[in-house]
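Written out below as structure tokens is the structure these notes cover.
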2 protein chains.
Amino acid sequence: MKEVKSSFHVSCKNCGLQKVCFPTGLNREDVERLDNIVDRRPPLKKGVHLFQAGDSFNALFAIRAGVIKLYSFTDNGEEIVHGFYLPGDVLGIDALGSRMHQYNAMALDTTSVCTLPFEKLNELSENIPNLSQQILNVISKEVLDGRMHSELLIRRNADQRVAQFIYNMSERHRHRGYAGSEFRLSILHRDVAVYLGLTPETVSRILAKFHADEIVTWKKKEVFIHNMHRLQDVIGMHHECEKQTIDR
Amino acid sequence: MKEVKSSFHVSCKNCGLQKVCFPTGLNREDVERLDNIVDRRPPLKKGVHLFQAGDSFNALFAIRAGVIKLYSFTDNGEEIVHGFYLPGDVLGIDALGSRMHQYNAMALDTTSVCTLPFEKLNELSENIPNLSQQILNVISKEVLDGRMHSELLIRRNADQRVAQFIYNMSERHRHRGYAGSEFRLSILHRDVAVYLGLTPETVSRILAKFHADEIVTWKKKEVFIHNMHRLQDVIGMHHECEKQTIDR
DNA sequence: ACAAAAAATTGATCCAAATCATTTTTTAAA
DNA sequence: TTTAAAAAATGATTTGGATCAATTTTTTGT
């Protein structure tokens, strides 16, 4: 509580997420123009919804801090977790066609978001060519992430899924300038299990094994990767080409 | 071979797919403007690629006739099938961000496509507001289809997956004005198995069962749905609300 | 700080779908 | 049309992860 929240601090041009978030590829001037349309509201408390299925769509959201779970339910009430959104990620793409949100977005921890009113964003993008490309990038990322998720579900066994999930989270933290081998992760094992198409029991057993094998420890929201090399081995990665596989 | 292929016949405004394809929601005049930028080439023979991973992107493709399989490979060479594209479907969304195709698109049968040069499409969409919304619809559909695929992989058993696949194909044919209970499907069981995250043996056994139970017969590229009601029962659908679940 | 609820862990058992093996059918090529 | 190759079908066996059940740990709300 030491930091005073000044309006100066909360703007795109001073935001540490520029390289990950929307402003990527925009020049100083254009970032400022983007900044002007961004709406910032008080943080969401844990468990609060940013939007829910059926809500009308009028803005995209960029996560500033925290985590958001995007989820829905099957016809028979089983939960489906589509992804986890970290700072810099953009949420709301699913509603672009129907102008209505298709899924539920819930804060898993205290979460700040930047609201990007879609109409204003569109107007702005007519004058900033890089911005419309940036919108396409964000959309494309959403499609590609979905495909990676399917690949994981089709072709990986339980060990590999859990290992891949942790590895991806590590990479995403690393891209955001944090340590990739030690980070806080406010996601329930239960939610990870649903996301990976496994049961909580299976995830728990695998994490116990990874802990015993001194590969990864994940206890009380804190992840420690003790041996990145062996984690990659579990996934079946080739070490020479550490190609990045971003995931949710 | 009775029909003479005139250039008159091959245009958006006379195309039977208007309601399914890109022109949805455009007025007569705008369809004509769209028509002018569309490039039509001779059909692709079975086994030929429309594009491959790594190819540079410069156009979206709308399928006019035939089927396209969108697929890739995992690091260890296993195939992943992302979807099957039927007449009216739009292909190439995955490349919008990187301007480079991420997957392989192969004709599973003789296939005609309409090429929509992306730059021209963008220019046009500045003057036709409905068109830019239509682009968003197509993109959004791609995201949503991917999520439906994940849901299938996570929450459905083998019987349900096969049943859902056949049901979705039936619906897609019905939307295109064909009979929903009897249609030709030029897709190998093997490819369906890969798409559904199953083995060919499992798919074969399930089809044998569906045949014996007089629910569905799929032999030699021809599908007959004998009992739609029971097919829906396998999926676990509620009959009263026949909500449509489009799939690839 | 304490009580109640939720989440995670751990063990025992079971089953759906994979794998392995072979035969039959279909498709493509000569 | 014949032949070779690919795909599909069918049977026997195995197994990874689900399910069921009970305990321990962590979180939450008062």
Side-chain angles (χ1 to χ4, degrees), chain A residues 45-48 67 69 76 78-79 81 106-110 152-166 184-213 216-223 234 236, chain B residues 45-48 67 69 76 78-79 81 106-110 152-166 184-213 216-223 234 236:
Chain A
K45 292 228 175 75
K46 182 174 176 175
V48 170
V67 204
K69 170 175 82 164
N76 34 51
E78 299 159 305
E79 187 178 350
V81 173
M106 182 196 267
L108 297 184
D109 205 349
T110 306
L152 192 82
L153 296 169
I154 293 187
R155 293 291 179 198
R156 303 288 180 187
N157 66 27
D159 285 16
Q160 292 174 315
R161 292 185 204 181
V162 175
Q164 181 87 62
F165 177 82
I166 294 171
R184 185 182 160 77
L185 202 52
S186 302
I187 303 177
L188 295 181
H189 295 179
R190 200 199 72 83
D191 284 332
V192 174
V194 174
Y195 174 69
L196 296 177
L198 303 170
T199 58
E201 292 94 323
T202 298
V203 170
S204 177
R205 273 185 259 270
I206 289 168
L207 288 176
K209 187 168 60 184
F210 286 175
H211 177 69
D213 292 350
V216 174
T217 300
W218 181 2
K219 293 250 163 85
K220 310 245 227 101
K221 330 251 110 161
E222 296 289 338
V223 177
V234 174
Chain B
K45 293 227 175 72
K46 182 175 174 175
V48 170
V67 205
K69 170 175 81 163
N76 35 50
E78 299 159 303
E79 188 179 348
V81 173
M106 181 195 267
L108 297 184
D109 205 348
T110 306
L152 192 82
L153 296 169
I154 293 189
R155 292 292 179 197
R156 303 288 179 187
N157 66 27
D159 285 16
Q160 293 174 314
R161 291 184 205 182
V162 175
Q164 181 87 62
F165 177 82
I166 293 171
R184 183 182 161 77
L185 201 53
S186 302
I187 303 178
L188 296 180
H189 295 178
R190 200 198 72 82
D191 284 334
V192 174
V194 174
Y195 174 68
L196 296 177
L198 302 170
T199 58
E201 293 95 323
T202 298
V203 170
S204 177
R205 273 185 259 268
I206 290 168
L207 289 176
K209 187 169 62 184
F210 285 174
H211 177 69
D213 292 351
V216 173
T217 301
W218 181 2
K219 293 249 164 83
K220 308 242 230 108
K221 330 251 109 160
E222 295 290 338
V223 177
V234 174

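Any value given below was found using the heavy atoms of this structure, including those in side chains, with hydrogens, waters and symmetry copies removed. In what follows, every chain begins at residue 1, and chains take the letters A, B, ... in the order their sequences are listed.
- Two end axes, each from the C1' atoms of five base pairs, can be drawn for the helix from dA1(C)-dT30(D) to dA30(C)-dT1(D); they diverge by 70°, to 10 degrees.
- For Thr199(A), the side chain to side chain donor-acceptor pair (under 3.5 Å) test picks out Thr202(A), with sequence neighbours left out.
- Whole-Å rounding puts the Leu108(A) CG to dA7(C) P distance at 12 Å.
- The neighbour count for His189(A) NE2, taken as heavy atoms of other residues, nucleotides or ligands under 6.0 Å away, is above 12.
- Sorted by first and then second residue, the salt bridge (charged side-chain N to carboxylate O under 4.0 Å, His left out) pairs involving residues 187-198 of chain B (not counting sequence neighbours) are Lys69(B)-Asp191(B), Glu79(B)-Arg190(B).
- For the pair Ala193(A) and Pro200(A), the tightest heavy-atom approach, listed with the atom from each and the gap, is CB-N, 3.7 Å.
- Judged as a side-chain contact (heavy atoms from CB on, under 4.5 Å), and not counting sequence neighbours, the contacts of Lys209(B) are Asp159(B), Asp213(B).
- Within a 6.0 Å sphere centred on NZ of Lys221(B), other residues, nucleotides and ligands contribute more than 12 heavy atoms.
- Toward the 5' end of DNA chain C, the nearer of the two residues Trp218(A) and Lys219(B), judged by each one's closest nucleotide, is Trp218(A).
- In terms of the side-chain contact (heavy atoms from CB on, under 4.5 Å) criterion, residue partners of Arg205(B) (sequence neighbours excluded) are, by chain and number, Glu201(B).
- Partners of Leu153(B) by side-chain contact (heavy atoms from CB on, under 4.5 Å), not counting sequence neighbours, listed by chain and number: Ser150(A), Leu153(A), Ile154(A), His149(B), Arg161(B).
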Under 3.5 Å, N/O pairs linking protein and nucleotides 15-19 of chain C:
unit_1: dA17(C); atom_1: OP1; unit_2: Ala158(B); atom_2: N; d: 2.6
unit_1: dA18(C); atom_1: OP2; unit_2: Thr199(B); atom_2: OG1; d: 3.1
unit_1: dA18(C); atom_1: OP2; unit_2: Thr202(B); atom_2: OG1; d: 2.4
unit_1: dT19(C); atom_1: O4; unit_2: Arg205(B); atom_2: NH2; d: 2.9

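- Within the nucleic acid shown, Lys46(A) comes within 4.0 Å of sugar-phosphate atoms alone, with no base atom in reach, counting heavy atoms only.
- Contacts between chain A and DNA chain D, taken as any atom within less than 4.0 angstrom of a protein heavy atom, begin and end at dG17(D) to dT28(D).
- In terms of the side-chain contact (heavy atoms from CB on, under 4.5 Å) criterion, Lys220(A) has no residue partners (sequence neighbours excluded).
- Listed by chain and number, the residues in a side chain to side chain donor-acceptor pair (under 3.5 Å) with Ser204(B) amount to none (sequence neighbours excluded).
- Rounded to a whole Å, the NE2 atom of His211(A) is 14 Å from the C1' atom of dT10(C).
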